[in-house]
Amino acid sequence: MITARRLRRRFYDRETGLVARELLGMHLVHRDGDILRVARIVETEAYLGPHDLAAHSARGLTPRTQPMFGPPGHAYVYLIYGMHHCFNVVTEAEGHAAAVLVRAVEPVANVAGRTAGPGLLCRAMGIDRRLNGRDLVGDELFIARPPRRERLVIVRRPRIGVDYAGTWASRLLRFYIKGNRFISRL
DNA sequence: TGCACGATGAAC
DNA sequence: TTCATCGTGCAC
């Protein structure tokens with residue numbers, strides 16, 4: 001059972017940049033009705049908290065950003081540009097309001113269509129706002145260690161689409177697996 | 001109640 | 001480079 005390899009709460013209750021890096025290579029799992037969709041995480045971005053001007057939590061606690069302010073190991077799913085969903089995992093202690101955006105995945109099982117981009121991977125994996133706030137230490141939506149431990153070369157880059165965030169725009173908080181062909185942008 | 005805009009993706 | 005499309009947050 002893949003649930004035996006599921007990440008526990010304490011994995012998420014750590015520094016967000018570290019969680020973003022360690023999520024690379026992990027398997028994102030969505031029990032979508034009778035179908036178990038599995039994909040390997042290959043690209044992430046860290047959003048550190050209210051002091052990070054690129055983070056949604058920088059505008060304070062609002063109905064939308066509520067999951068970010070909640071306990072670690074929960075999903076934060078929101079709609080962007082009126083048509084695309086973005087999937088994040090909440091990190092660090094409750095109230096810290098940090099999260100990791102999953103930007104690209106590589107299909108492993110029951111995932112069809114393109115997955116190189118936050119909106120595309122949500123569509124391919126059947127993730128939408130119904131899953132907002134979902135506990136990732138559960139059976140419907142979770143992240144699990146891959147069957148084999150592998151050595152990865154990780155690339156660090158500035159985050160995508162946050163040019164408005166002043167000095168925070170240039171921080172190296174985007175991470176991806178070097179050479180992977182599912183990366184959203186080089 | 002109105003309005004500017006976005007952690008995107010696709011077309012041109 | 002432009003545009004589709006609409007929820008969110010904040011101004012009025």
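In what follows, chains carry the letters A, B, and so on, assigned in the order in which the sequence lines appear, proteins first and then strands, with residues in each chain numbered from 1.
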- request: Could you check whether Arg159(A) gets within reach of a base, just the sugar-phosphate, or nothing at all, counting any heavy atom under 4.0 Å?
  value: nothing
query: Base, sugar-phosphate alone, or nothing: which one does Arg174(A) contact when heavy atoms must sit under 4.0 Å apart?
result: nothing
query: Side-chain donor-acceptor pair under 3.5 Å between Thr115(A) and Glu106(A), yes or no?
result: no
- prompt: What does dG2(B) pair with, Watson-Crick or G-U, if both distances are under 3.5 Å?
  reply: dC10(C)
task: Report the distance from atom CG of Asp163(A) to atom P of dT8(B), rounded to the nearest whole Å.
output: 10 Å
message: Please tell me if His56(A) has a side-chain N or O lying less than 4.0 Å from either OP1 or OP2 of dA7(B).
response: yes
Short N-O contact, Arg8(A) and Asp13(A), less than 4.0 angstrom: no
query: Leu79(A) CG to dA7(B) C1': how many Å, rounded?
result: 13 Å
- prompt: With a non-hydrogen cut-off below 4.0 angstrom, is Leu101(A) in contact with a base, only sugar-phosphate, or nothing?
  reply: base
field: Euclidean distance, atom CG of residue Asn132(A) to atom P of dG7(C) [Å, nearest integer]
entry: 14 Å
field: Phosphate contact (dA7(B) OP1 or OP2) by Tyr76(A) side-chain N/O below 4.0 Å
entry: no
Check: His56(A) ring centre within less than 6.0 Å of Tyr47(A) ring centre: no
- line: Regarding the side chain of Arg64(A), the nearest nucleotide among dT8(C), dT8(B), dG9(B) is dT8(C)
- prompt: If you measure from the Lys or Arg side-chain nitrogens to the Asp or Glu carboxylate oxygens, is any gap between Asp128(A) and Arg123(A) under 4.0 Å?
  reply: no
- request: Give the rounded distance in Å between these two atoms: NE2 of His85(A) and P of dC6(C).
  value: 11 Å
message: Looking at Arg14(A) and Glu92(A), is any side-chain nitrogen of the basic one under 4.0 Å from a carboxylate oxygen of the acidic one?
response: no
- prompt: In whole angstrom, what separates Arg59(A)'s CZ from dG9(C)'s P?
  reply: 10 Å
query: Out of dG9(C), dT5(C), dA7(B), which nucleotide sits closest to the side chain of Met83(A)?
result: dT5(C)
query: In whole Å, what is the span from the OH atom of Tyr78(A) to the C1' atom of dG9(C)?
result: 15 Å
message: If you only use heavy atoms from C-beta on, which nucleotide in dA7(B), dG9(C), dA10(B) is closest to the side chain of Val162(A)?
response: dA7(B)
- request: Look at the side-chain N and O atoms of Arg129(A) and state whether any lies under 4.0 Å from the OP1 or OP2 oxygen of dG7(C).
  value: no
statement: Tyr81(A) atom OH is separated from dA4(B) atom C1', nearest whole Å, by 13 Å
query: Think Arg6(A) forms a cation-pi with Phe142(A), using NZ or CZ under 6.0 Å from the six-ring centre and within 45 degrees of its axis?
result: yes
field: Base-pairing mate for dA7(B) - Watson-Crick or G-U, with both contacts under 3.5 Å
entry: none
query: Does a nitrogen or oxygen in the side chain of Arg123(A) sit under 4.0 Å from OP1 or OP2 of dT8(B)?
result: no
- line: Testing dA7(B), dG9(B), dG7(C) for proximity to the side chain of Pro118(A), the answer is dG9(B)
message: Please report the distance, rounded to the nearest Å, between CD1 in Ile80(A) and P in dC3(C).
response: 19 Å
